[in-house]
Amino acid sequence: MFIDDFVRMCFDGFEQGWHERNGGNLSYRMTDKDREDAASIMKDTGRHIDLGFDATELKGEYFLVTGSGRYMRNVPLAPEKNIGIVKIADDGHSYDILWGFEDGAKPTSELPTHLMNHMARMSVTDGKCRVIYHAHPANITALTYVLPPEDKAYSRILWQSETECAVVFPEGVGVVDWMVPGSIDIGIETAKLIKKYRAVIWTFHGIFGSGADFDETFGLVHTVEKAAEIYLKARSAGIIRTITDDQLRLLGDAFGVEINKDFLD
Ligand code: 2HA
Ligand code: ZN
């Protein structure tokens, strides 16, 4: 059942140390089968909430989402209080709560960025992308204090820090320089970048990752975080050599992936 997989991912992120307090959030766009599986628990709760932006492309879609102010650590203890299912209304500007969010909870403060990212990734993946994940991994965030806020700088450093990276995210990663979180504006800027990159880093804050399923999305964020950790360790010790651009090209050929040429010298 998709709810179990969702709950597992919330707690996996907590165990990695990526979700201090109420940090981070997760959303999943449900399939027709998921709707059937959840039919017996979904009902009209009478809770209809305005979105404040246009999500017409998502009208009629159902999402399982983490709650605002709720802790990832607590999700397995009481899913119905900490997460919930919403349906985007036909007007495209509001949604209805159909399950969960008990005791007055509501969807994450980052709902604008989640839904805008869903719209962006749906359009470029032919509807395959279903998961958007926001986390606060310490090494990714630390990296934002030592690099200029440029997609190329981050992509190259991460590719060079672990051989797997250029294969896992050959398009690179995007970076949004500091903005107020939870806002519609940060959603717009993130969604622009997530059309090009599956992962987008927020400076001094964390990362958004996307993917077709929970494993792929968690794995992407995990890979970026591991590479950031390796880079920071190597940089602290003193870097004397790294993966070359020719080696990155060889990886692309060997694994049949198109490594973003704009970021190769
Ligand atoms: O949910 O992570 O960006 C708390 C946050 C805000
Ligand atoms: Zn955050």
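Quantities reported herein were computed from a predicted structural model and do not represent experimental measurements. Counting starts at 1 for both ligands and their atoms, in listed order.
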When you measure from atom 4 (C) of ligand 1 to every protein heavy atom, which one gives the shortest distance, and what is it?
-> Asn22 O, 3.3 Å

Does Gly24, backbone or side chain, put an N or O under 3.5 Å from an N or O of ligand 1?
-> yes

min-distance protein heavy atom vs atom 1 (O) of ligand 1 -> Asn25 ND2, 2.9 Å

Would a line drawn from the ring center of His134 to the ring center of His205 be shorter than 6.0 Å?
-> yes

Could you tell me whether Trp18 and His222 have their ring centroids closer than 6.0 angstrom?
-> yes

Phe255 atom CZ, over 12 foreign heavy atoms within 6.0 Å = no

Under 4.0 Å from a heavy atom of His205: give me the atoms of ligand 1 that qualify, with their elements.
-> 3 (O)

Taking only heavy atoms of His134, which atoms of ligand 1 are found under 4.0 Å from at least one of them?
-> 2 (O), 3 (O)

Counting both backbone and side chain atoms, is some N or O of Thr108 under 3.5 Å from an N or O of ligand 1?
-> no

Does the ring centre of Phe214 sit less than 6.0 Å away from the ring centre of Tyr28?
-> yes

Any N or O of His136 closer than 3.5 Å to N or O of ligand 1 = yes

Close side-chain approach of Leu193 and Phe208, heavy atoms under 4.5 Å = no

When the ring centroid of His114 is compared with that of Phe63, is the distance short of 6.0 Å?
-> no

Ligand 1 contacted by Gly182 (non-hydrogen, < 4.0 Å) | no

Evaluate side chain to side chain contact (heavy atoms under 4.5 Å, CB included) for Ile85 paired with Ile97, printing each intermediate quantity in order.
-> CA-CA 6 Å; Ile85 294 176; Ile97 293 178; over 6 Å; no

Tell me, please, which residues at least two apart from Asn22 pass side chain to side chain donor-acceptor pair (under 3.5 Å).
-> none

Among protein heavy atoms, which lies nearest atom 3 (O) of ligand 1, and at what distance?
-> Glu110 OE2, 2.4 Å

Protein N, O or S atoms lying under 2.8 Å from the Zn ion (ligand 2), listed by chain and number | His134 NE2, His136 NE2, His205 NE2

Aromatic ring pairing Tyr197/Phe263, orientation class (parallel under 30°, perpendicular over 60°, tilted between) = parallel

Where Arg35 and Gly60 come nearest, the two heavy atoms and their spacing = NH2-O, 3.4 Å

